[in-house]
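For reference, the structure discussed in these notes is given below.
Since we're looking at a predicted model, the values are computed, not measured. Along the sequence shown, residues carry numbers from 1.
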Amino acid sequence: MKNGYYQILHVEDDERLASNYGHMVHDVLHGQGLLHEITWVDAIDTAYRVIGESWRELDLILLDISLDDANGRNGLSLVQMLRQSPWKSIPVFVVSANVEVYKETLDKLIKDQSIMGYSPPLGTWVDKLADILLGKEVNILHLSDIHNGKFF
């Protein structure tokens, strides 16, 4: 959190979806008392520019993974660029109607810690955003039946 509120960049080419998602995010974050600003961009080129100009202030990037541009770049290109730059600490969460198409790739990106998670547009993904912003991600390691010494 910087300057008293969270900065979110939403990369989505469909203005109607961007507006709907924005209202959903606002309702959840506002309900938790989290001040925020959502900047919407509809193109990869614009996303590159905005991230380059404001990466120190960004707290989260919401990304439509299937978004592509005339140069053949898509949401995956944006994730790869982010992870090979000074911007690699910005959390990325993928919201896309095409997550099933990209499921294997998205699972690998989570494993590599390149993205924080993904979801189709319907579901409880918005609740997860507050946890990401507040740093409430929890990893649990459960060990059981550890035997010390000789076996039997």
Taking C-beta and beyond as the side chain, do L34 and Y6 meet within less than 4.5 Å on heavy atoms?
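A side-chain contact under 4.5 Å exists here.
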Side-chain heavy atoms of F93 within contact of Y118, under 4.5 Å:
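A side-chain contact under 4.5 Å is absent here.
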Do side-chain atoms of S77 reach the backbone of N74 as a donor and acceptor pair under 3.5 angstrom?
yes
Would the distance check show the side chain of H30 and the main-chain N or O of V28 forming a donor-acceptor pair, the cut-off being under 3.5 Å?
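The answer is no, because no donor-acceptor pair under 3.5 Å joins these two groups.
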Interatomic spacing from [atom1] in [X] to [atom2] in [Y] - rounded to 0.5 Å:
X    : Y    : atom1 : atom2 : result
L133 : K128 : CG    : NZ    : 11.5 Å
L76  : L106 : CG    : CG    : 7.0 Å
L129 : S119 : CG    : OG    : 9.0 Å
Q80  : S85  : CD    : OG    : 12.0 Å

Is there a continuous path of hydrophobic side-chain contacts, each under 4.5 Å between heavy atoms, that joins W40 to M24?
no
Exactly one of V126, V92, I8 clears side-chain contact (heavy atoms from CB on, under 4.5 Å) with L62, and that residue is I8
Partner of L78 by side-chain contact (heavy atoms from CB on, under 4.5 Å), out of I65, L63, L67
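The residue from I65, L63, L67 that satisfies side-chain contact (heavy atoms from CB on, under 4.5 Å) with L78 turns out to be L63.
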Nearest heavy-atom neighbours spanning [X] and [Y]:
X    : Y    : value
I44  : G75  : CD1-N, 4.0 Å
I110 : G117 : CD1-CA, 3.8 Å
P91  : D59  : CD-O, 3.2 Å

Mind checking what makes side chain to side chain donor-acceptor pair (under 3.5 Å) contact with S96, not counting sequence neighbours?
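Partners of S96 under the side chain to side chain donor-acceptor pair (under 3.5 Å) test: D64.
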Sorted by chain and residue number, the side chain to side chain donor-acceptor pair (under 3.5 Å) partners of E53 (sequence neighbours excluded) come out as R49
Can you run down the salt bridge (Lys or Arg N to Asp or Glu O under 4.0 Å) pairs that involve residues 105-114, sequence neighbours left out, and say none if there aren't any?
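Passing the test, one end in residues 105-114: K103-D107, K108-D112.
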Under the salt bridge (Lys or Arg N to Asp or Glu O under 4.0 Å) rule, what pairs show up with a residue in residues 22-43, not counting sequence neighbours?
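Found none.
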Can you find a side-chain donor-acceptor pair between Q7 and Y5 that sits under 3.5 Å?
yes
Can you sort out the partners of K88 under salt bridge (Lys or Arg N to Asp or Glu O under 4.0 Å), two or more places apart, ordered by chain and number?
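Not a single residue meets the salt bridge (Lys or Arg N to Asp or Glu O under 4.0 Å) criterion with K88.
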N/O donor-acceptor pairs under 3.5 Å from side chains in residues 13-23, not counting sequence neighbours:
| from | atom 1 | to | atom 2 | distance (Å) |
| --- | --- | --- | --- | --- |
| D14 | OD1 | R16 | N | 2.9 |
| D14 | OD1 | L17 | N | 3.2 |

Between W125 and V94, does a side chain to side chain contact (heavy atoms under 4.5 Å, CB included) hold up when you go through it step by step?
CA-CA 9 Å; W125 63 272; V94 173; over 6 Å; no
Once you measure the plane-to-plane angle for W55 and W87, does it fall in the parallel (<30°), tilted (30-60°) or perpendicular (>60°) bin?
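Rings of W55 and W87: tilted, as their planes differ by 30° to 60°.
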Step by step, would you call L60 with L9 a side chain to side chain contact (heavy atoms under 4.5 Å, CB included)?
CA-CA 6 Å; L60 177 67; L9 176 64; over 6 Å; no
Test I61 against V79 for side chain to side chain contact (heavy atoms under 4.5 Å, CB included), laying out the working first.
CA-CA 10 Å; I61 297 172; V79 170; over 6 Å; no
